[in-house]
There are 2 protein chains.
Amino acid sequence: MSALTPEADPLAHPELEQIDLPDVLHALSDPVRLSIVAALASGEERTCKSFDLPVTKSTCTHHFRVLREAGVIRQRLEGTTRLNSLRRAELDGRYPGLLDAVLGAAGS
Amino acid sequence: MSALTPEADPLAHPELEQIDLPDVLHALSDPVRLSIVAALASGEERTCKSFDLPVTKSTCTHHFRVLREAGVIRQRLEGTTRLNSLRRAELDGRYPGLLDAVLGAAGS
DNA sequence: ATCCTTGTACGACGGATATCGAACTTTGAT
DNA sequence: ATCAAAGTTCGATATCCGTCGTACAAGGAT
């Protein structure tokens, strides 16, 4: 039962069907998190530190966790860093056009 | 200076250029408010009471104000009621595809 | 082994938020 | 004139949220 308990995994990601629209919108409603998502729009994997955000480390951890738990980003362990990427294809399948619209709106 | 002071107007709506994306996303991130917006998607004007929301009157007032101040809906006085409508064309001009994507996602 | 880098965990704190109930206002109907 | 209906306003409350600092853990480099 160890691998199946979600609480036990420190890097738990929601399944596609578990992603909730209000949660996604809330995750995107913060300027810091929106800038993270916009920076990931190119498709690259980037470490947390590479973003140069106007908040401290612990606040960064918080924002990346909110995005991950809402299903917006994926976090992958790589040595001592976490590589972040957008779950774009999955989000596009679940909520067609949403991410593009938000990214377009954030860019203007 | 009476007509130009925003605070004096109890039904102040933001101009298109003043609408802020994080504010809009936050306004849409609440399930009650999302259901209001979805119900207004047809384009009709509807009174507050016609929604039959699972909250009290004063909470309704709160949610409609959040949506109005974020620029998502317009409220018009008509006798003793307020007629609510989506600012769809304006939002579409400012954030193309956003409202459609959210409404599509909320409907599924 | 030691240190540096990257990030998490744990409180803590102040401000925002969703909710309610009760009192009030305004309008329209009886 | 009275009354009911639709909302607002005003506290009050409980919770959530963004932020920070400090302490901690794990990997990589020297």
Side-chain angles (χ1 to χ4, degrees), chain A residues 6-13 20-37 39-40 44-85, chain B residues 6-13 20-37 39-40 44-85:
Chain A
E7 292 85 359
D9 188 355
L11 239 67
H13 295 74
D20 187 48
L21 180 61
D23 286 348
V24 172
L25 295 174
H26 170 255
L28 296 174
S29 72
D30 180 272
V32 174
R33 290 194 292 264
L34 203 48
S35 76
I36 293 172
V37 171
L40 291 173
E44 300 178 290
E45 277 189 317
R46 293 183 52 175
T47 67
C48 299
K49 256 302 178 270
S50 74
F51 286 89
D52 195 35
L53 300 169
V55 287
T56 64
K57 276 195 304 178
S58 43
T59 303
C60 284
T61 296
H62 165 69
H63 285 310
F64 281 103
R65 179 173 47 220
V66 170
L67 287 170
R68 171 171 47 81
E69 292 181 346
V72 178
I73 68 171
R74 176 170 293 112
Q75 285 189 296
R76 186 169 68 85
L77 297 158
E78 175 96 5
T80 166
T81 75
R82 275 95 183 118
L83 287 175
N84 304 278
S85 56
Chain B
E7 291 86 359
D9 187 355
L11 240 67
H13 295 73
D20 187 48
L21 179 62
D23 286 347
V24 171
L25 295 174
H26 171 254
L28 297 174
S29 73
D30 180 272
V32 174
R33 290 194 291 264
L34 202 49
S35 76
I36 293 171
V37 171
L40 290 174
E44 299 177 290
E45 277 189 316
R46 294 184 51 177
T47 67
C48 299
K49 256 302 179 274
S50 73
F51 286 89
D52 195 36
L53 299 169
V55 288
T56 63
K57 278 195 304 178
S58 43
T59 304
C60 284
T61 296
H62 165 69
H63 285 309
F64 281 104
R65 180 174 47 221
V66 170
L67 287 170
R68 171 171 48 81
E69 293 181 346
V72 178
I73 67 170
R74 174 169 292 115
Q75 286 190 295
R76 186 169 67 85
L77 297 158
E78 174 96 4
T80 166
T81 74
R82 276 93 181 120
L83 288 175
N84 304 277
S85 56

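Numbers restart at 1 for each chain; the letters A, B, ... are given by sequence-line order, proteins then strands. Worth knowing before you read on, the calculation uses all heavy atoms, side chains too, and leaves out hydrogens, waters and symmetry mates.
- Nucleic acid contact for A/Lys49: sugar-phosphate only, since backbone atoms but no base atoms lie under 4.0 Å from a heavy atom of the residue.
- Closest approach to the A/His26 side chain among D/dG18, D/dG7, C/dA22 is made by D/dG18 (side chain taken as heavy atoms from C-beta onward).
- Evaluation of atom-type donor-acceptor distances gives a pair under 3.5 Å for the side chain of A/Thr80 against the base of C/dT6.
- The backbone N or O of B/Ala27 sits less than 3.5 Å from a side-chain atom of B/Arg33, completing a donor-acceptor pair.
- With the nearest nucleotide of DNA chain D identified for both A/Ser29 and B/Arg82, B/Arg82 has the one nearer the 5' end.
- Distance NZ (A/Lys57) to P (D/dT22): 12 Å, rounded to an integer number of Å.
- For the pair A/Arg65 and C/dG7, the criterion of a side-chain N or O lying under 4.0 Å from OP1 or OP2 is not met.
- As a whole-Å value, the separation of B/Leu53 CG from C/dA18 P is 14 Å.
- For the pair A/Arg82 and A/Leu77, the minimum side-chain heavy-atom distance is below 4.5 Å.
- Remark: P of D/dT8 and CZ of B/Phe64 are 9 Å apart, rounded to the nearest angstrom.
- The A/Ser58 side chain lies nearest to C/dC10 when the options are C/dC10, D/dT8, D/dT9.
- Taking only side-chain nitrogens and oxygens, B/Thr56 comes nearer than 4.0 Å to OP1 or OP2 of C/dC20.
- Here C/dT25 presents its P atom at 17 Å from CG of B/Leu77, a figure rounded to the nearest Å.
- Nearest heavy-atom pair across A/Gln75 and A/Leu11 is O-CD2, 3.4 Å.
- Side-chain atoms of A/Glu45 and A/Arg74, non-hydrogen and from C-beta on, never get closer than 4.5 Å to each other.
- Following rounding to the nearest Å, A/His62 (NE2) and D/dT22 (P) show an atom-to-atom distance of 20 Å.
- Here the P atom of nucleotide D/dG18 and the CD1 atom of A/Ile36 are 11 Å apart, to the nearest Å.
- Checking the phosphate oxygens (OP1, OP2) of C/dT19, a side-chain nitrogen or oxygen of B/His63 falls inside 4.0 Å.
- Closest approach to the B/Val55 side chain among D/dC20, C/dT19, C/dG7 is made by C/dT19 (side chain taken as heavy atoms from C-beta onward).
- Rounded to whole Å, atom P of D/dT8 lies 12 Å from atom CG of B/Leu67.
- Under the 3.5 Å distance criterion, the side-chain polar atoms of A/Arg68 are matched with a main-chain donor or acceptor of A/Ala12.
- Backbone-only contact: B/Thr81 has heavy atoms under 4.0 Å from sugar-phosphate atoms and none from a base.
- When the C1' atom of C/dA18 is taken as reference, atom CG of B/Leu34 falls 16 Å away, rounded to whole Å.
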